[in-house]
Amino acid sequence: MRQQLLAWWEVHGRKDIAIKPWMFTTDGRWPEPNEDLSPYGIWIAEVMLQQTQLRVMRPYWEQWMLVLSTMQHLVAAEERQVLLLWQGLGYYSRARRLHQAARQLAASPLPSSLEAWLAVPGIGRTTAGSILSSALNRPVPILDGNVRRVLARLHGCLEPPQRAQASFWQWSEALLDPLRPRDFNQALMDLGALVCTPRTPSCQLCPWQSSCAAYAAGEPSHFPVQDASKPIPFQVIGVGVVLNEVGEVLIDQRLNEGLLGGLWEFPGGKQEPGEAIEATIARELREELAIEVQVGEQLIALDHAYSHKKLRFVVHLCRWISGEPKPLASQQVCWVKPEDLSGYPFPAANVRMIATLIDHLRADMLSQRS
DNA sequence: GAGTCGTGGGG
DNA sequence: TCCCCAAGACT
């Protein structure tokens with residue numbers, strides 16, 4: 001089994017420096033079994049890879065390593081810079097925990113045991129196993145989405161993986177090649193990503209076809225067995241882009257707990273039943289910032305889907321009337337020149353609002369001149 | 001232990 | 001207001 005997979009991986013695996021640059025030695029080679037890699041870049045990559053596809057995270061990793069190329073750089077960095085480097089990747093607590101962990105570990109070398117890595121904020125069993133097998137070639141199993149799917153099919157598991165965690169970990173551990181754990185774990189994930197894919201797996205190309213229970217059963221794509229998904233709630237959010245008399249715009253930093261923690265945003269909140277959206281915006285700004293505004297024209301309306309809710313943002317330009325803004329429901333608030341908004345980390349939906357705002361202000365300038 | 005936490009790609 | 005999913009962790 002192991003040799004079949006490794007032989008497949010030697011030919012078809014994702015072992016290109018352009019694909020997984022963190023997996024290569026400083027002189028550009030895939031490491032030999034007795035060679036260690038510096039764990040810093042691998043740590044950053046593995047955290048970025050949590051619930052995130054390789055090709056999506058790679059440009060973020062490249063940029064991160066240009067700016068925060070060492071542990072010392074990360075320790076010294078401000079949180080705003082860390083979140084800016086993460087902007088667009090999602091699950092922003094990953095970035096804040098990474099920053100926090102770096103500061104905790106600043107004095108000592110990075111951990112080299114499973115227990116020590118598991119104690120690091122943001123590191124669970126899969127990420128710890130991936131770091132240790134990747135960097136130090138330690139025989140520690142992993143159980144990510146790829147491996148879970150491969151194992152579910154291989155064993156023809158009729159139980160949803162969430163309910164059979166223990167079995168899946170045992171399978172992963174039993175399969176792991178004790179001599180080449182680094183290559184084997186990479187091969188297992190590459191198999192899931194390239195061959196044993198969620199929708200239409202390429203069983204004809206699979207080195208484990210003859211061992212696969214799901215293939216034998218005739219319907220590999222029916223595995224892993226799914227839990228029934230629950231309906232996702234939908235809400236309308238009124239958002240105010242508040243401008244003062246000198247043309248600055250009001251933004252606030254969200255609390256660290258909860259959705260989009262630590263990021264900046266234009267203030268607003270949920271529309272209540274029967275409420276006009278203009279009234280929602282005026283009310284939310286009164287409740288959360290203690291200011292009075294005149295709600296003006298709509299800037300944009302946009303739908304945005306999160307993991308477990310869908311929102312429609314209805315964004316209106318507002319004129320500030322009175323009241324010094326107070327962070328009653330946020331970490332801090334401030335007035336910012338529109339051209340300085342790029343210095344603050346915003347969620348994706350807000351980035352779209354900013355682009356529209358900049359366009360709008362530019363058009364305003366032109367029409368006033370003519 | 002079920003919910004919470006983002007975003008972009010692809011069917 | 002499609003759907004599912006991704007190198008999961010934390011509460």
Side-chain angles (χ1 to χ4, degrees), chain A residues 14 19-20 22-23 42-61 83 86-98 100-101 117-134 140-150 160-163 165 168-169 172 182 185-194 196-200 221 224 226-237 254-263 265 301-313 345-352:
Chain A
R14 300 180 291 185
I19 300 181
K20 302 175 185 174
W22 52 89
M23 288 299 298
I42 292 177
W43 176 28
I44 305 302
E46 293 302 337
V47 174
M48 285 185 172
L49 281 163
Q50 291 168 3
Q51 293 291 283
T52 307
Q53 291 186 350
L54 193 59
R55 62 179 173 283
V56 173
M57 63 71 76
R58 192 167 45 240
Y60 286 85
W61 184 87
L83 286 172
W86 211 271
Q87 174 175 291
L89 255 190
Y91 290 133
Y92 297 95
S93 66
R94 293 184 294 174
R96 288 186 288 103
R97 291 196 175 108
L98 206 42
Q100 172 196 353
W117 270 113
L118 288 174
V120 175
I123 305 296
R125 194 170 170 187
T126 287
T127 303
S130 208
I131 292 172
L132 282 170
S133 62
S134 295
V140 188
I142 57 173
L143 185 56
D144 73 320
N146 291 309
V147 177
R148 190 175 295 111
R149 184 172 57 255
V150 169
Q162 297 286 36
R163 307 186 182 284
Q165 283 275 2
F168 277 75
W169 275 109
S172 181
R182 170 191 289 139
N185 278 343
Q186 293 296 315
L188 206 46
M189 289 188 284
D190 287 356
L191 185 71
L194 299 176
C196 196
T197 53
R199 307 278 182 156
T200 53
S221 65
Q226 305 282 10
D227 276 317
S229 60
K230 294 182 177 177
I232 294 179
F234 175 79
Q235 294 168 339
V236 178
I237 307 294
R254 296 175 62 90
L255 300 175
N256 281 341
E257 301 74 30
L259 187 69
L260 305 168
L263 271 68
E265 66 176 2
L302 54 91
D303 292 337
H304 194 81
Y306 298 98
S307 306
H308 58 291
K309 66 176 75 173
K310 294 180 181 177
L311 302 183
R312 170 170 296 157
F313 296 100
F346 283 92
N350 278 256
V351 170
R352 294 184 57 189

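All of these numbers come straight from a predicted model, not from anything done at the bench. Lettering follows sequence order; numbering is per chain, from 1.
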Can you confirm whether or not the ring centre of His308(A) sits under 6.0 Å from the ring centre of Tyr306(A)?
no
Atom pair distance, as rounded to whole Å: [atom1] in [X] and [atom2] in [N]:
X         : N       : atom1 : atom2 : answer
Ile232(A) : dC2(C)  : CD1   : P     : 9 Å
Asp227(A) : dG1(B)  : CG    : C1'   : 12 Å
Leu118(A) : dA9(C)  : CG    : P     : 9 Å
Gln50(A)  : dC10(C) : CD    : P     : 8 Å
Gln226(A) : dC4(C)  : CD    : P     : 8 Å
Arg148(A) : dA9(C)  : CZ    : P     : 9 Å
Tyr306(A) : dG8(B)  : OH    : C1'   : 14 Å
Arg97(A)  : dG8(C)  : CZ    : C1'   : 11 Å

Measure from the side chain of Pro198(A), starting at C-beta and using heavy atoms only, and say which of dG9(B), dC5(C), dT7(B) lies closest.
dC5(C)
Residue Arg14(A), side-chain atoms from C-beta onward, closest of dT7(B), dG9(B), dA7(C)
dA7(C)
Distance, [atom1] atom - from [M] to [N], rounded to whole angstrom:
N      : M       : atom1 : value
dC5(B) : dC5(C)  : C1'   : 15 Å
dA2(B) : dA7(C)  : C1'   : 23 Å
dT7(B) : dT11(C) : C1'   : 22 Å

Name the residue closer to the 5' end of DNA chain B, choosing between Gly88(A) and Arg163(A) according to the nucleotide with the nearest heavy atom.
Arg163(A)
Could you check Lys230(A) against Leu89(A) and say which one's nearest nucleotide on DNA chain B is further toward the 5' end?
Lys230(A)
Arg55(A) side chain near dG10(B) phosphate (N/O to OP1/OP2, under 4.0 Å)
yes
Quick one: on DNA chain C, does Met23(A) or Ile123(A) contact a more 5' nucleotide (nearest heavy atom)?
Met23(A)
Which residue lies more 5' along DNA chain C, comparing Arg199(A) with Gln51(A) via nearest heavy atoms:
Arg199(A)
According to a cutoff of under 5.5 Å between the ring centres and under 30° between the ring planes, does Tyr91(A) stack with the base of dC5(B)?
no
Measure the spacing between CD of Gln50(A) and OH of Tyr91(A) and express it to the nearest 0.5 Å.
10.5 Å
Side-chain donor/acceptor of Thr127(A) to base of dG8(C), under 3.5 Å
no
Do the side chain of Thr52(A) and the base of dG8(B) come within less than 3.5 angstrom through a donor-acceptor pair of N or O atoms?
no
Sugar-phosphate, base or nothing in reach of Gln165(A), heavy atoms under 4.0 Å
nothing
